[in-house]
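What follows is a set of notes on a single structure, which appears directly below.
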Amino acid sequence: MSRRLALNRPGKTNAIPMAIDRYNHREAEARWQKVWDERGIFVTPNKDLGRKYYVLEMFPYPSGRIHMGHVRNYTMGDVVARVKRALGFSVLHPMGWDAFGMPAENAAMERKVHPKIWTYENIAAMKAQLKSMGLSLDWSREIATCDPAYYKHQQKMFLDFLRAGMVERRQSAVNWDPVDQTVLANEQVIDGRGWRSGAVVEQRELTQWFFKITAFAQPLLDALDGLDRWPEKVRLMQKNWIGRSEGLSIRFALDQGMTSNGESEVKIFTTRPDTLFGAKFVAVAPDHPLAAAAAAKNEKLAAFIAECRHRGTAQAEIETAEKLGFDTGIKALHPFDPAWKLPVYVANFILMEYGTGAIFGCPAHDQRDLDFVNKYRLGNIPVVCPPDVDPKTFVVTDTAYDGDGRMINSRFLDGMTTAEAKEEVARRLEKTYLSPRAGRGRAPERSEGDRVTGTARESGRASTPPHPSPLPASGEREPVAQRQVNFRLRDWGISRQRYWGCPIPVVHCEVCGVVPVPEKDLPVTLPEDVTFDRPGNPLDRHPTWKRVACPQCGRPATRETDTMDTFVDSSWYFIRFTDPWTKTTPTDPAMVDAWMPVDQYIGGIEHAILHLLYSRFFTRAMKKTGHVGLDEPFAGLFTQGMVVHETYRNKKTDEWISPAEFQGIAAKPEVTDLGSGSILKLEDIEVGPVEKMSKSKRNTVDPDDIIAEYGADVARWFMLSDSPPERDVIWTEEGVKGAYRFAQRIWRLVQQAAPHLPLPGSSLALPVEQAGVTALRMQTHQALAGVTNEIERLKFNTAIAKIYTFVNILSEVVDDPNRNLTKDSGYAAAAREGFDILIQLISPMMPHLAEECWAALGHDSLVAQTPWPAVEPALLIEDTVTLPVQINGKKRADVTVSRNSVAADVETAVLALDAVKRALAGRPPKKVIIVPQRIVNVVA
RNA sequence: GCCCGUGUGGCGGAACUGGUAGACGCGCACGACUCAAAAUCGUGUUCCGAAAGGAGUGUGGGUUCGAUUCCCUCCACGGGCACCA
């Protein structure tokens, strides 16, 4: 298989004509994978852990094939795992499958293949692909979330959470496709229409299950500060997502003559009570009870509310839609002036989920409100004057001012700062009570079973679950306003009207209501005889599955047919990995203690909020129910960037062209027949922007093809070498080829050097004082220290740059005509050390090639089982330092001084430099700044 | 719309805490080897300029002896937005 190449090195005295093998990755990679596998060196038993290290990459959805994003993710994790193993840690590095989810059902509909069969075939295919990557995974711990042996425990925990009061059932809106009569995911709603039927989507209320994550809003927020090995941006995103805001809830009395059912008040939430005198309107959500009440006697309003429901539930869609409102005719009375009446609108941008589902609009100081009043011609009054602006001339037209300033047009608040005004309004309204006339009657409070957001009080109970504040019983006095902490975070709706997910283990009985499935009956497994010939949930229409006897009374009852959100599956898999073998309990708490937390978690930035926040919540819920002993599952987090690629488009047909096709055309620029009879020339192709690899743009590269052509090591190397790991990496053919050449170069160098190196182990007896020898050893140890440090910081690209530099040095060593390895035994011993360390440095990234080189260098051991080399600190210290010398901040010269020079010596040396003398022209310098070991700046 | 990032040669990028901008790689050019090509090796490669020198890290401003790094403004591109995973 391998070609023999004669390598001639003219002009080099030590050019030894020798036969050099080309590295054959196809043969070598399979061979070393077999060796690792047979010796089981990556299996980590649950005993004698010593120092532990848990490195985990986000497990994949088994879509059928791995993509380059996986290659990047798993390579990074594997480098960490291999280095930590070499450093003596017991390393937990498992892999599994996030195996429930919609694509399996789509495949069932499109290709008539059962989700289970489709999923397990995909798992088999992807596992083979992962194995071909040479990852140091402990496959003995493999789990698939669709396995009843896994979801059984999830059902058990659902019941535990239910018992602990952390689960709730309530109404919530879903995307409803009125033609297909089915619930749609947000991604199945395209431009407000169902992806298959094309029908306009509506919101429909269903009773669904919720995990009460809002009860943990405050602890989840507080603990972010302690996650010091998480990217700052992820912590910030989570903080904003939780969205704690302090404000005031204010009851606005309603003008009695105007309401239809005698509603007496509307409660709003605001973070800007200071702007109360700038109020121009009150707006409520379309599903606010007051809106419904008003609509009952107003057909046009009812039509408007119905219109608001004709859209999906996605936030982005709601907020980018045109801001629309409808005047209910109801008037609200200003809390400081009952004679001041504000119109009450129903507005499509007010969310029932947030705050109280009602706001007051202050257009001058909120852009959304301003857009609204400008549309409905309600005008605005500025009440906060920006600093350095004359209050007399300050007007707002198109741009709201949302900053701080001095209060104007605000009666008793005038002249106060924003903060003072907030406080003053709160203080006054807390002590005010609605007049008895306005305080009677049914208030537009939430109805039973309505969802609740975090509305904990300021009184230190902010972390307790929020409660809807029921109307005070008659006689009880509630002030007009109360200080309130509000969270943007909503409870986690986990119900999915789908088949391929973990069944929710409850039974609905007409007599007993909702009854948990007894634990002895777990797992509730999915029936296999289901059909996907029509839309809707196959569990719901299955002839027998849902019919069961009530566990309590024995009467005929029905199973819950909703399954769990797949985010539930992925919220605890990392804990299950610590002991995936326990059959009776979700975890073995002793093993959780031993392995958790995950020391380094690696995955895509797209999971920055949902998956990570849910997992943080779930871990806390598991702690509360006794399954784990810790709060935070991930001590270290790293979010990698995407793999992107150029796009290619056929200008004539407007079709996308794959990179492989483009390469073919570029190689044969004249004409290329794509097989379909169409002939394409290079100039017919437009090279488009670099974008995330996607099937729709056809700009994907198949890892299988790359591994077959260049080898897993090359794919791994390129994934790490070209870009900082947190940023996107552009996949280029040139880059891969460069990595391939590098692999060959290493192999060539090792073969050239190996015959001339002393036996392994002899580097210990190095003559330290020999000049050239010490220089080489210093370069070796600097490379070792540098690369090790960069890997620990996960800066793989700079680690690789340092390896390149070191290889360039070793190339010179091999080729150096004056330093013949065959004759200078001390130098040869230093070279032996250099090569051994080089191979160890590349081994985490290119493990197969490293084993091959390690053997070629005469070692009997596996490099994968060799301890990481130790740096000799003495070899890192240079005797002299070269400092750049700046004159007025521009570099003009260098000065080399002894490492121990004091500032005065450095100054003398610097002032003696020609460039400095010229610049000073005889005058003394104004200033000389000396930063030790760094730089000198002379201010002339 | 809201939240979060990113922006440095022809390209990917480097520059630890404010201290030599462009490490390392790709590409390109020239040279060596070759009948030739590939592979390999060597030299060069931010821009302007013959040179001296000057300019330069998306834009415009600020702080500093010194700014890719800190602050403000604007522009461009990307990620997330709760039923994709």
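In what follows, every chain begins at residue 1, and chains take the letters A, B, ... in the order their sequences are listed. FYI, side chains are in, hydrogens and waters are out, and symmetry mates aren't considered; it's all heavy atoms of this structure.
- Remark: side-chain polar atoms of A:His70 are paired, donor with acceptor, to backbone N or O of A:His67 under 3.5 angstrom.
- Nucleic acid contact for A:Phe567: base, since at least one base atom lies under 4.0 Å from a heavy atom of the residue.
- Using bins of under 30°, 30° to 60° and over 60° for the plane-to-plane angle, the ring pair A:Tyr804/A:Phe742 lands in the perpendicular bin.
- Side-chain atoms of A:Tyr61 and A:Ser570 include no donor-acceptor pair closer than 3.5 Å.
- Comparing B:rC74 with B:rG1, their P atoms are spaced 14 Å from each other, to the whole Å.
- Set against B:rG19, B:rG79, B:rA82, the side chain of A:Ala314 has B:rA82 as its closest nucleotide.
- Distances were taken from every side-chain heavy atom of A:Tyr614 (C-beta onward) to each of B:rG66, B:rA82, B:rC41; the shortest belongs to B:rA82.
- To the nearest whole angstrom, the two C1' atoms, one in B:rU20 and one in B:rG27, are 27 Å apart.
- Only A:Ser723, A:Pro724, A:Arg727, A:Asp728, A:Ile730, listed by number, bring a heavy atom of residues 723-732 of chain A to less than 4.0 angstrom from any atom of RNA chain B.
- With B:rG13, B:rG19, B:rA82 as the candidates, the nucleotide lying closest to the side chain of A:Leu610 is B:rA82.
- When heavy atoms are screened at a 4.0 angstrom cut-off, A:Arg892 is found touching the sugar-phosphate backbone but no base atom.
- Here the P atom of nucleotide B:rC24 and the CZ atom of A:Arg741 are 17 Å apart, to the nearest Å.
- Remark: the A:Gln497 side chain and the B:rC83 base include a donor-acceptor N/O pair separated by less than 3.5 Å.
- Ranking B:rC4, B:rC83, B:rU40 by closeness to the A:Leu236 side chain, first place goes to B:rC4.
- At whole-Å resolution of the value, CH2 in A:Trp492 and C1' in B:rA82 are 11 Å apart.
- Across every strand in view, B:rC33 sits unpaired, with no contact that passes the Watson-Crick or G-U test at under 3.5 angstrom.
- Distance alone, capped at 3.5 Å, places no donor-acceptor pair between the A:Arg745 side chain and the A:Ser811 backbone.
- Across B:rG78, B:rC65, B:rC83, the shortest atom-to-atom separation from the side chain of A:Asn175 is found for B:rC83.
- Counting any heavy atom pair closer than 4.0 Å across all strands shown, A:Val174 reaches a base atom.
- In this entry B:rC77 has B:rG5 as its Watson-Crick or G-U wobble partner, both defining distances falling under 3.5 Å.
- The residue A:Val644 sits apart from the nucleic acid: no heavy atom pair falls under 4.0 Å.
- When both pairing distances are held under 3.5 Å, B:rU63 makes no Watson-Crick or G-U pair with any nucleotide shown.
- Classification of B:rG9 as syn follows from a glycosidic angle within 90° of 0.
- Close to B:rG25, at under 4.0 Å from its OP1 or OP2, lies no side-chain N or O of A:Asn797.
- Contacts of A:Ala608 with the nucleic acid, taken as non-hydrogen atoms under 4.0 Å apart, are absent.
- B:rG78 and B:rG31 have their C1' atoms separated by 44 Å, given to the nearest Å.
- Nucleotides B:rC41 and B:rA50, compared at atom C1', are 32 Å apart to the nearest Å.
- Rounded to the nearest Å, the gap between the P atom of B:rU34 and that of B:rC28 is 24 Å.
- A:Gln208 comes within 4.0 angstrom of a nucleotide base, judged by non-hydrogen atoms across all strands.
- Taking the six-membered ring where tryptophan is involved, the planes of A:Phe211 and A:Phe617 are tilted, since the angle between them lies from 30° to 60°.
- At the heavy-atom level, A:Asn808 lies under 4.0 Å from the strands shown only through sugar-phosphate atoms.
- Looking at A:Tyr74, its side chain does come within 3.5 Å of a backbone N or O of A:Met58 through a donor-acceptor pair.
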Task: A:Phe349 vs A:Phe372, ring pair (Phe, Tyr, Trp, His ring centres under 6.0 Å): CA-CA, chis, key distance, verdict - done: CA-CA 10 Å; A:Phe349 58 93; A:Phe372 190 79; 5.5 Å; yes

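- At a threshold of 4.0 angstrom between heavy atoms, the contacts of A:Gly493 are confined to the sugar-phosphate backbone, with no base atom among them.
- Between A:Tyr601 and A:Tyr573, the ring planes lie tilted relative to each other; the angle falls in the 30° to 60° range.
- Counted by atom type alone, A:Thr214 and A:Asp491 present one or more donor-acceptor pairs between their side chains at under 3.5 Å.
- Applying the Watson-Crick and G-U wobble criteria (two distances, each under 3.5 Å), B:rU57 pairs with nothing in any strand.
- Rounded to whole Å, the distance from CD on A:Gln886 to C1' on B:rG66 is 6 Å.
- Protein atom CG of A:Asp565 is 7 Å distant from nucleotide atom P of B:rA85, rounded to whole Å.
- When the C1' atom of B:rC84 is taken as reference, atom CH2 of A:Trp500 falls 17 Å away, rounded to whole Å.
- Heavy-atom nearest nucleotides on RNA chain B were determined for A:Gly101 and for A:Gln315, and the one closer to the 5' end corresponds to A:Gln315.
- Across the strands present, B:rG27 finds its partner in B:rU45; the criterion is a Watson-Crick or G-U wobble pair with both atom distances under 3.5 angstrom.
- Using a 4.0 Å heavy-atom distance criterion, A:Thr805 is classed as a sugar-phosphate-only contact.
- The listed nucleotides are B:rC84, B:rU20, B:rA15; the one nearest the side chain of A:Thr798 is B:rA15.
- Both A:Ile929 and A:Ala801 lie near RNA chain B, and the one whose nearest nucleotide falls closer to the 5' end is A:Ala801.
- Nearest nucleotide to the A:Asp98 side chain, out of B:rC81, B:rA85, B:rC65: B:rA85.
- Distance CD (A:Glu353) to P (B:rC2): 19 Å, rounded to an integer number of Å.
- Spacing between B:rG80 and B:rA85 at atom C1', rounded to whole Å, works out to 13 Å.
- A salt bridge does not link A:Arg498 with A:Glu105: every distance from a Lys NZ or Arg NE/NH1/NH2 to an Asp or Glu carboxylate oxygen is 4.0 Å or more.
- Nucleotides B:rG19 and B:rC70 have their P atoms positioned 11 Å apart, rounded to a whole Å.
- Contact annotation for A:Ala739: no contact, since no heavy-atom pair falls under 4.0 Å across all strands.
- Here B:rC83 is the nucleotide among B:rG66, B:rG80, B:rC83 with the atom lying nearest to any side-chain atom of A:Arg498.
- Across the P atoms, B:rG61 and B:rA55 are found 15 Å apart, a figure rounded to whole Å.
- The listed nucleotides are B:rG79, B:rA82, B:rG1; the one nearest the side chain of A:Asn186 is B:rA82.
- Rounded to whole Å, the distance from CZ on A:Arg745 to P on B:rA39 is 15 Å.
- Inspection of the A:Asn73 and A:Gln640 side chains reveals an N or O donor paired with an N or O acceptor under 3.5 Å.
- Atom CD of A:Glu734 is separated from atom P of B:rG12 by 13 Å (rounded to the nearest Å).
- With distances taken from any side-chain atom of A:Asn240 to the nucleotides B:rG79, B:rC4, B:rC24, the minimum falls on B:rC4.
- Within 4.0 Å (heavy atoms only), A:His607 reaches at least one base atom of the nucleic acid.
- No donor-acceptor contact under 3.5 angstrom links the side chains of A:Asn808 and A:Glu812, judged on distance only.
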